[in-house]
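Note that this is a predicted model, so its numbers are computed, not measured.
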Amino acid sequence: MGDKPIWEQIGSSFVQHYYQLFDTDRTQLGSIYIDASCLTWEGQQFQGKAAIVEKLSSLPFTKIAHSITAQDHQPTPDSCILSMVVGQLKADDDQVLGFHQTFLLKCISTAWVCTNEVFRLALHNL
């Protein structure tokens, strides 16, 4: 991992941490958000740590597993990190679905937090 630029190391570590928390205990995700964080989940918007954790905790499945296909990370001019994740997820006994997720990460008081997040299932409405 030492050969990768620092933003890729931070982005990859964040992605691993996020999906490990999401797949085991979504109620613990509050630690990665701040009160100014924003989430767009399938077109629905949520602002603030409490609203985001409430949304993620109330998703209608008991178990979920994410499989990351690809992730890309970029530094931004204002010292943040933009991360894009593509993968598949399996919730309960549902079919496997593709998803896309984007995170904007910012370092606040030596901790990296998610200030912005966008999630979409990779569904094609024909």
Side-chain angles (χ1 to χ4, degrees):
M1 199 182 228
D3 293 349
K4 293 183 180 179
I6 189 68
W7 64 84
E8 285 190 21
Q9 294 176 40
I10 293 166
S12 293
S13 293
F14 174 86
V15 166
Q16 180 181 0
H17 180 65
Y18 176 89
Y19 291 109
Q20 190 271 329
L21 285 177
F22 199 107
D23 290 356
T24 56
D25 185 1
R26 295 187 305 274
T27 63
Q28 299 301 308
L29 285 169
S31 63
I32 66 165
Y33 298 105
I34 58 173
D35 289 334
S37 294
C38 293
L39 164 68
T40 302
W41 187 272
E42 289 289 315
Q44 291 183 298
Q45 302 217 2
F46 303 88
Q47 184 165 6
K49 180 192 300 197
I52 292 170
V53 172
E54 181 180 334
K55 171 61 180 175
L56 298 178
S57 298
S58 68
L59 291 169
F61 48 79
T62 5
K63 62 182 180 188
I64 188 164
H66 289 84
S67 175
I68 306 306
T69 304
Q71 55 183 299
D72 297 296
H73 311 280
Q74 294 179 346
T76 66
D78 56 349
S79 301
C80 293
I81 298 171
L82 180 65
S83 296
M84 173 68 187
V85 178
V86 177
Q88 295 182 319
L89 60 82
K90 178 151 179 58
D92 294 331
D93 294 323
D94 294 344
Q95 67 182 14
V96 174
L97 297 170
F99 74 93
H100 306 270
Q101 198 156 10
T102 304
F103 303 95
L104 184 63
L105 310 176
K106 183 174 181 67
C107 187
I108 298 178
S109 302
T110 71
W112 286 91
V113 297
C114 178
T115 59
N116 298 80
E117 177 181 353
V118 179
F119 173 90
R120 281 279 181 180
L121 289 170
L123 302 176
H124 300 281
N125 297 325
L126 301 175

Subject >> F46 and E54, any side-chain heavy atoms less than 4.5 Å apart >> reply: no
Subject >> Heavy-atom side-chain proximity of L89 to L121 below 4.5 angstrom >> reply: yes
Please answer: with hydrophobic residues joined when any side-chain heavy atoms are less than 4.5 Å apart, are [X] and [Y] in the same cluster?
{"X": "L104", "Y": "Y19", "result": "no"}
{"X": "F22", "Y": "V118", "result": "no"}
{"X": "V15", "Y": "L82", "result": "no"}
{"X": "M84", "Y": "L123", "result": "no"}
{"X": "I6", "Y": "I108", "result": "no"}

Using atom types as modelled and distance alone, determine if a side-chain donor or acceptor of [X] lies under 3.5 Å from a backbone N or O of [Y].
{"X": "S13", "Y": "I10", "answer": "no"}
{"X": "D92", "Y": "D94", "answer": "no"}
{"X": "Q88", "Y": "T69", "answer": "no"}
{"X": "S12", "Y": "Q9", "answer": "no"}

Original post:
Do you know which of I81, V85, V113, L105 makes side-chain contact (heavy atoms from CB on, under 4.5 Å) with F14?
Top reply: L105
Which pair of heavy atoms, one from [X] and one from [Y], lies closest together, and at what distance?
{"X": "H17", "Y": "I32", "value": "CD2-CG2, 4.0 Å"}
{"X": "K90", "Y": "D93", "value": "NZ-C, 3.6 Å"}
{"X": "Q71", "Y": "G11", "value": "OE1-O, 4.2 Å"}
{"X": "K49", "Y": "Y33", "value": "CE-O, 3.1 Å"}
{"X": "F103", "Y": "C114", "value": "CD2-SG, 3.8 Å"}
{"X": "S83", "Y": "H73", "value": "OG-ND1, 2.7 Å"}

**OP:** Quick one: sort the F119 and W41 rings into parallel, tilted or perpendicular, breaks at 30° and 60°.
**Re:** parallel
Using 0.5 Å steps for rounding, measure from the [atom1] atom of [X] to the [atom2] atom of [Y].
{"X": "E117", "Y": "L29", "atom1": "CD", "atom2": "CG", "result": "8.0 Å"}
{"X": "L39", "Y": "Q101", "atom1": "CG", "atom2": "CD", "result": "8.0 Å"}
{"X": "T76", "Y": "K106", "atom1": "OG1", "atom2": "NZ", "result": "8.0 Å"}
{"X": "E8", "Y": "Q74", "atom1": "CD", "atom2": "CD", "result": "9.5 Å"}
{"X": "W112", "Y": "S109", "atom1": "CH2", "atom2": "OG", "result": "12.5 Å"}
{"X": "T40", "Y": "I52", "atom1": "OG1", "atom2": "CD1", "result": "9.0 Å"}

**OP:** Begin with the C-alpha distance, continue with both residues' side-chain angles, and end with the deciding distance and a verdict on side chain to side chain contact (heavy atoms under 4.5 Å, CB included) for K55 and L59.
**Re:** CA-CA 7 Å; K55 171 61 180 175; L59 291 169; 3.9 Å; yes
